[in-house]
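A short write-up of the structure that comes next.
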There are 2 protein chains.
Amino acid sequence: MTDTEKREPKFSRLDADARRLSLMEATLHCLSTLGQRATSVRAICAQAGVSPGLLRHYFDGKEDLVASAYEYLTKKLYDSFHDLIGNDELDAEQVLKDSFEILLNSEWVSKEMLGAWVAFWSIQQTDERMQKQHHEANHEVRKIFAQLLTNYATFKNLNVNDQDIKFATIELMGLTDGLWLELCLDSDFYNGEQAVTICMNWLNSFKERFSH
Amino acid sequence: MTDTEKREPKFSRLDADARRLSLMEATLHCLSTLGQRATSVRAICAQAGVSPGLLRHYFDGKEDLVASAYEYLTKKLYDSFHDLIGNDELDAEQVLKDSFEILLNSEWVSKEMLGAWVAFWSIQQTDERMQKQHHEANHEVRKIFAQLLTNYATFKNLNVNDQDIKFATIELMGLTDGLWLELCLDSDFYNGEQAVTICMNWLNSFKERFSH
DNA sequence: TTATTAATTATACAAATGTAAAATAACTTG
DNA sequence: CAAGTTATTTTACATTTGTATAATTAATAA
């Protein structure tokens, strides 16, 4: 090799944010495909295409990276809901239906997606930071669903008070979370489309219960 | 020490079934309190009060032990339901209420209990034996709930067909599973008693929907 | 008591883990 | 082009992991 030949760079430097993002996405990918057990620092960094030592340059450690990836995934889900609400073209019923579609009949429903969440819950068990994050995210989603149901009640001219909305929200979120979990674990008994139909039936029951 | 003195035995031998049971319960205890990550062979055997080497004498390995513990826990839950059904003293509505109590307002609801299930789901992701076990257990519970709803429909003289029961079962199991999961993860928004009330309200809606 | 059996322990080991520290090299600035 | 900065790699290391094997020892039977 002569001096005039340009060598290929062994690696390229990345913007800090881009590198952090890439590591978080690699973490999600590993948790999804390999499971929590096999998601090691080396596996994550291999997926991200960097050497293992780099992790500590951007995160306090593996735990910090996983917690950050959780935050990232949670925000992603939250954003997809918020986009729906912001759309003024849709009526309250359609927004709810679209929400059900996202939750129960999209890429959010899969054994792989469950893998990531299960890993997070597992860590949450002994990690206070993760507990707090879950609590706050849960609270946000709960507020959104309560708002969606309130809009729906107004749309259908229902006779409901705050307490009714609160309990209906608990019931609806319980239903969607449960259907999501069961679909992820084993979709042999019913599919996402049927799950959406079941939620719409629930919504209809909700309407009947409070219409007068 | 003279020959006439009796030495304390360093350990005592146990019946094979008893030892297996003890190891499975130690596994559940570790998964619950330590989380999946810290549930090592050494931790399990310490909890069971035996040396680490013994595990391989009763199980093919750690994976086999965990899968067996899962089977054991599943059966335990299944049995507690079956006891309810067998009780002829109770009417269909009361049996359902008691089922909700077990699922949502008992020792089955805790961060610790979730720890065990989360560990199982995590393994299930990459373990076919666990997947099969979950599928079969799920199928059994689904049959039980379908039967409970059928009894209830007869009891209340409802006008339902098999398809109605099937979808109502999916909805009810989704609801209970979701409420259970949310309660285990974070019980700040509502408690087990309220969850039971919500399920009873659902049952009432079910009755209204099909009564004529 | 003595011999036999096998449940249990003790020891060892290779592989994998998370992370610290030093070495390298890509980029920036002058 | 030269020097400085720091993102990235390389290497190393102490722990922990699951498991295999050999050494004990409790229980059983003769």
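Convention: sequence-line order gives letters A, B, ...; per-chain numbering from 1.
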### Task
Please name all residues satisfying ring pair (Phe, Tyr, Trp, His ring centres under 6.0 Å) with B:His57, sequence neighbours left out, ordered by chain then number.
none
For the pair made of [atom1] in [X] and [atom2] in [N], what is the distance, rounded to whole Å?
X	N	atom1	atom2	answer
A:Ile44	C:dT19	CD1	C1'	14 Å
B:Arg56	D:dT17	CZ	C1'	14 Å
A:Gln36	C:dA16	CD	P	19 Å
A:Lys62	C:dT19	NZ	C1'	12 Å
B:Phe59	D:dT19	CZ	C1'	16 Å
A:Leu23	D:dA7	CG	C1'	12 Å

### Message
Checking B:Gln194 now: which residues fulfil side-chain hydrogen bond (donor to acceptor under 3.5 Å, both in side chains) with it, not counting sequence neighbours?
### Response
none
### Query
So do the side chains of B:Ile123 and B:Tyr70 get within less than 4.5 Å of each other, counting heavy atoms only?
no
### Query
Side chains of A:Thr176 and A:Phe100: closer than 4.5 Å at any heavy-atom pair?
yes
### Task
Between C:dA26, D:dG18, C:dG18, spot the one nearest the side chain of A:Pro9, thanks.
C:dA26
### Message
Determine whether A:Phe189 and B:His139 satisfy the following criterion, ring-ring contact (aromatic ring centres under 6.0 Å, His included), listing intermediate values before the conclusion.
### Response
CA-CA 8 Å; A:Phe189 294 109; B:His139 187 57; 5.7 Å; yes
### Message
Please check this pair: side chain of B:Ser22 against backbone of B:Ala18, looking for a donor-acceptor N/O pair closer than 3.5 Å.
### Response
no
#### Entry: Nucleic acid footprint by protein, nucleotides 8-14 of chain D - heavy-atom cut-off 4.0 Å, B for base, S for sugar-phosphate alone
BBB-B--
